[in-house]
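In what follows, every heavy atom counts, from backbone to side chain, and hydrogens, waters and symmetry copies are set aside.
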Amino acid sequence: VIIAVYILLEKERFTEQFKKLAYALLPKPKVEALIQLSRLTSRMFNSFIIGKMIDSLIIGVICFIGMLIMRLPFAVLISFIVGLTNMIPVFGPFIGAVPGIFILFIVDPIYSLIFAVFVLLLQQFDGNILGPMILGDQLGLPSLWVMFSIIVGGGMFGILGMFLGVPVFAVLYVVVRGFVSGRLKEKNIRSD
């Protein structure tokens, strides 16, 4: 964490040094393409994190409202935990549900059962509808590709792959889309 803070504090200097090194070692057109790809990657990762934060906030609020409607205790605390852990792809919502189920089980086992069913339904809604819509809008990536990138990223690289799969795939998607559009333009073929 401390190293990350130092890197962020010196971000401009590191960027400038990287550009100088790249221009010294590579031809100018390749450096410009590399810089463009770096900017695209930064934009996609920032969009993904912002989208994930919006998604988590919405899920936390829906969880809070649902718990109030069902008159379950500790709605603020449990909804905060569910919303916070929702930042972790795929398993995060279930990790966040465990403390809530445990807390409610201590109060009344029926409450914990009601909450478990509610969170299961909430996470199905989030994982299949809300999450792909929000992340797709933030990244310009169709919802199907968001789901695909989570599955492939998770299958290849585990939990880290689930988290990084979407922004990495979004970058690849934009690069391939630009390449295809350029090739079609060279061949005088309309892309619509």
Side-chain angles (χ1 to χ4, degrees), residues 1-5 7-8 41-173:
V1 173
I2 293 172
I3 292 172
V5 170
I7 290 172
L8 288 174
T41 303
S42 176
R43 190 175 76 241
M44 289 298 174
F45 272 82
N46 289 339
S47 296
F48 173 72
I49 291 171
I50 290 169
K52 202 67 176 140
M53 290 170 83
I54 292 169
D55 177 51
S56 295
L57 178 66
I58 291 170
I59 290 303
V61 168
I62 292 173
C63 183
F64 176 71
I65 292 169
M67 288 183 73
L68 286 181
I69 290 171
M70 293 182 287
R71 299 181 192 272
L72 296 174
F74 304 107
V76 173
L77 172 67
I78 294 171
S79 298
F80 177 77
I81 293 169
V82 168
L84 185 65
T85 58
N86 195 58
M87 287 290 292
I88 304 167
V90 182
F91 298 115
F94 298 107
I95 293 169
V98 170
I101 291 170
F102 181 71
I103 291 168
L104 292 174
F105 185 79
I106 292 170
V107 175
D108 186 350
I110 297 298
Y111 286 166
S112 67
L113 181 63
I114 292 169
F115 178 72
V117 170
F118 171 66
V119 166
L120 181 66
L121 294 173
L122 180 63
Q123 295 313 321
Q124 291 302 312
F125 166 72
D126 180 40
N128 296 317
I129 298 169
L130 183 66
M133 273 181 18
I134 290 175
L135 293 176
D137 287 346
Q138 287 288 324
L139 299 172
L141 194 61
S143 299
L144 174 67
W145 292 122
V146 171
M147 294 295 293
F148 175 79
S149 62
I150 290 171
I151 291 168
V152 171
M156 292 177 69
F157 303 106
I159 294 175
L160 184 63
M162 289 177 192
F163 191 73
L164 297 177
V166 176
V168 168
F169 189 82
V171 170
L172 292 173
Y173 181 81

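- Between the CD1 atom in Ile49 and the NZ atom in Lys52 there is a gap of 11.5 Å [rounded to 0.5 Å].
- Closest approach of Phe45 to Pro167, counting heavy atoms only: CE2-CG, 3.7 Å.
- Contacts of Asp108 classified as side-chain hydrogen bond (donor to acceptor under 3.5 Å, both in side chains), with partners at least two apart in sequence or in another chain: none.
- Put simply, CG on Leu172 and OG1 on Thr41 are 8.5 Å apart, with the number rounded to the nearest 0.5 Å.
- Heavy atoms from other residues, nucleotides or ligands lying under 6.0 Å from CD1 of Ile3 number 12 at most.
- Within the 4.5 Å cutoff, the side chain of Phe115 has heavy atoms near those of the Cys63 side chain.
- Phe80 pairs with exactly one of Val82, Leu84, Ile78, Leu77 by the side-chain contact (heavy atoms from CB on, under 4.5 Å) rule, that one being Leu84.
- To the nearest 0.5 angstrom, Met53 atom CE is 12.0 Å from Phe48 atom CZ.
- Closest heavy-atom contact between Met44 and Ala170: SD-CB, 3.7 Å.
- Residues satisfying the side-chain hydrogen bond (donor to acceptor under 3.5 Å, both in side chains) criterion with Ser56, sequence neighbours excluded, are Asn86.
- Considering CG of Leu68 and OG of Ser79, their distance stands at 7.5 Å, rounded to 0.5 Å.
- When all heavy atoms of Thr85 and Gly96 are compared, the closest pair comes out as OG1-CA, 3.0 Å.
- By the 6.0 Å contact criterion, CG on Leu144 is enclosed, its count of non-hydrogen atoms from other residues, nucleotides or ligands being greater than 12.
- In this structure, Val107 and Pro73 approach most closely via the heavy-atom pair CG1-CG, 4.0 Å.
- Annotation: Met156, atom CE; neighbour count of heavy atoms from other residues, nucleotides and ligands within 6.0 Å does not exceed 12.
- Rounded to the nearest 0.5 angstrom, Leu122 CG and Leu130 CG are separated by 9.0 Å.
- The environment of Met87 atom CE is dense: over 12 non-hydrogen atoms of other residues, nucleotides or ligands sit within 6.0 angstrom.
- The distance from atom CZ of Phe105 to atom CG of Leu113, rounded to the nearest 0.5 Å, is 10.5 Å.
- With hydrogens and angles disregarded, a donor-acceptor distance shorter than 3.5 Å links the side chain of Asn128 to the backbone of Gln124.
- For Phe74, the CZ atom is loosely surrounded, since the number of other residues' heavy atoms within 6.0 Å does not exceed 12.
- The two residues Ile101 and Ala116 come nearest to each other via the heavy atoms CD1-CB, 3.7 Å.
- Counting all heavy atoms, side chain and backbone alike, Gly165 lies closest to Ser149 at O-CB, 3.6 Å.
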| task | Apply side-chain contact (heavy atoms from CB on, under 4.5 Å) to Ile62 and Phe125, showing your working. | result | CA-CA 11 Å; Ile62 292 173; Phe125 166 72; 4.1 Å; yes
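- Side chains of Met67 and Val76 form no contact here, defined as non-hydrogen atoms less than 4.5 Å apart.
- Classified by interplanar angle (parallel below 30°, tilted 30° to 60°, perpendicular above 60°), the ring pair Trp145/Tyr173 is tilted.
- Checking side-chain atoms of Asp55 against main-chain N and O of Gly51 turns up no donor-acceptor pair under 3.5 Å.
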